[in-house]
Amino acid sequence: MKTITGGCVCGAIRYEVTAEPIVTFNCHCRDCQKTNGGGYTPVFYVPANAFKITRGTPKYFGTTSEMMGNNVRGFCPDCGSRLFGGRSDFGQGIAAGTLGAPSLYKPQHDIWTSDAQPWDAMDPKLPKFEKYASRE
């Protein structure tokens with residue numbers, strides 16, 4: 001597996017990932033809409049032990065989450081880029097647009113479609129979940 005790198009728009013925060021993603025998805029929840037400024041956040045979710053910040057110190061902000069209790073999102077304190085979310089002992093969500101090679105992102109499904117906006121044109125080929133994806 002080749003190391004995947006990425007970071008914020010100003011370069012103050014850089015990270016690397018040394019594993020394939022566990023899952024990739026588009027999250028359409030209201031928190032993602034508000035913190036992203038768009039219809040959804042494309043999430044590249046990787047194993048926690050394969051994720052490392054290599055430059056800078058992100059600022060973190062937590063919001064309540066139905067699944068996680070507290071969803072902690074990371075931002076660059078200099079340029080404000082949203083970088084991370086869904087941090088846990090198990091994994092780390094990365095906003096796919098911050099990947100050095102964002103074309104690596106291939107979404108597997110859409111979640112929180114119950115919060116999707118009418119102007120948010122979702123890919124009809126992707127499986128859809130009103131809230132979180134089933135674990136079956």
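Owing to the predicted nature of the structure, the values given are computational and were not obtained by experimental measurement. The analysis underlying the following values was restricted to heavy atoms, covering all of them including side chains, and did not include hydrogens, waters or symmetry mates. In what follows, residues are counted from 1 in the order of the sequence shown.
Each of Y105, W112, Y40 was scored for a side-chain hydrogen bond (donor to acceptor under 3.5 Å, both in side chains) with N26, with one residue passing: Y105.
In this structure E130 satisfies the side-chain contact (heavy atoms from CB on, under 4.5 Å) test together with T113, S114, sequence neighbours excluded. Under the ring-ring contact (aromatic ring centres under 6.0 Å, His included) criterion, F51 pairs with Y15, F84, not counting sequence neighbours. The side-chain contact (heavy atoms from CB on, under 4.5 Å) check on K59 picks up P77, with sequence neighbours excluded. Scanning for side-chain contact (heavy atoms from CB on, under 4.5 Å) contacts around T35 gives R73, F75, R82, with sequence neighbours left out. For R30, the side-chain contact (heavy atoms from CB on, under 4.5 Å) criterion is met by Q33, K34, D115, Q117, not counting sequence neighbours.
A donor-acceptor contact shorter than 3.5 Å is absent between the side chain of S81 and the backbone of L83. Distance alone, capped at 3.5 Å, is enough to place a donor-acceptor pair between the Q108 side chain and the T24 backbone.
Ring geometry for F129 versus H109: interplanar angle over 60°, hence perpendicular rather than tilted (30 to 60°).
The cluster map of Ile, Leu, Val, Met, Phe, Trp and Tyr, joined by side-chain heavy atoms under 4.5 Å apart, puts F25 and F90 in the same cluster. L126 and V23 fall into different hydrophobic clusters, where Ile, Leu, Val, Met, Phe, Trp and Tyr residues are linked whenever their side-chain heavy atoms come under 4.5 Å apart, directly or through other members.
For the residue pair C76 and A12, the shortest heavy atom distance occurs at SG-CB, 4.0 Å. What you find for S88 and Y45 is that their closest heavy atoms are OG-OH, 3.3 Å.
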Using residues 118-125 as the side-chain source, report each donor-acceptor pair under 3.5 Å to any protein atom, sequence neighbours left out, with the distance given to one decimal.
{"unit_1": "D120", "atom_1": "OD2", "unit_2": "H28", "atom_2": "ND1", "d": "2.5"}
{"unit_1": "D123", "atom_1": "OD1", "unit_2": "K125", "atom_2": "N", "d": "2.8"}

What donor-acceptor contacts under 3.5 angstrom involve side-chain atoms of residues 2-10, with partners at least two apart or in another chain?
none

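Among pairs with a residue in residues 4-20, those fulfilling salt bridge (Lys or Arg N to Asp or Glu O under 4.0 Å) read E16-K52, at least two apart in sequence or across chains. Among residues at least two apart or in separate chains, salt bridge (Lys or Arg N to Asp or Glu O under 4.0 Å) pairs with a member in residues 97-114 are D110-K128. For residues 96-105, the set of pairs meeting the salt bridge (Lys or Arg N to Asp or Glu O under 4.0 Å) definition, not counting sequence neighbours, is empty.
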Side chain to side chain contact (heavy atoms under 4.5 Å, CB included) between I22 and V46: does it pass, once the steps are laid out? CA-CA 5 Å; I22 297 166; V46 301; 5.8 Å; no

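Within a 6.0 Å sphere centred on OH of Y60, other residues, nucleotides and ligands contribute more than 12 heavy atoms.
Going from atom CG of N36 over to atom SG of C29 covers 10.0 Å, rounded to the nearest 0.5 Å. I13 CD1 to D78 CG: the interatomic distance, rounded to the nearest 0.5 Å, is 7.0 Å.
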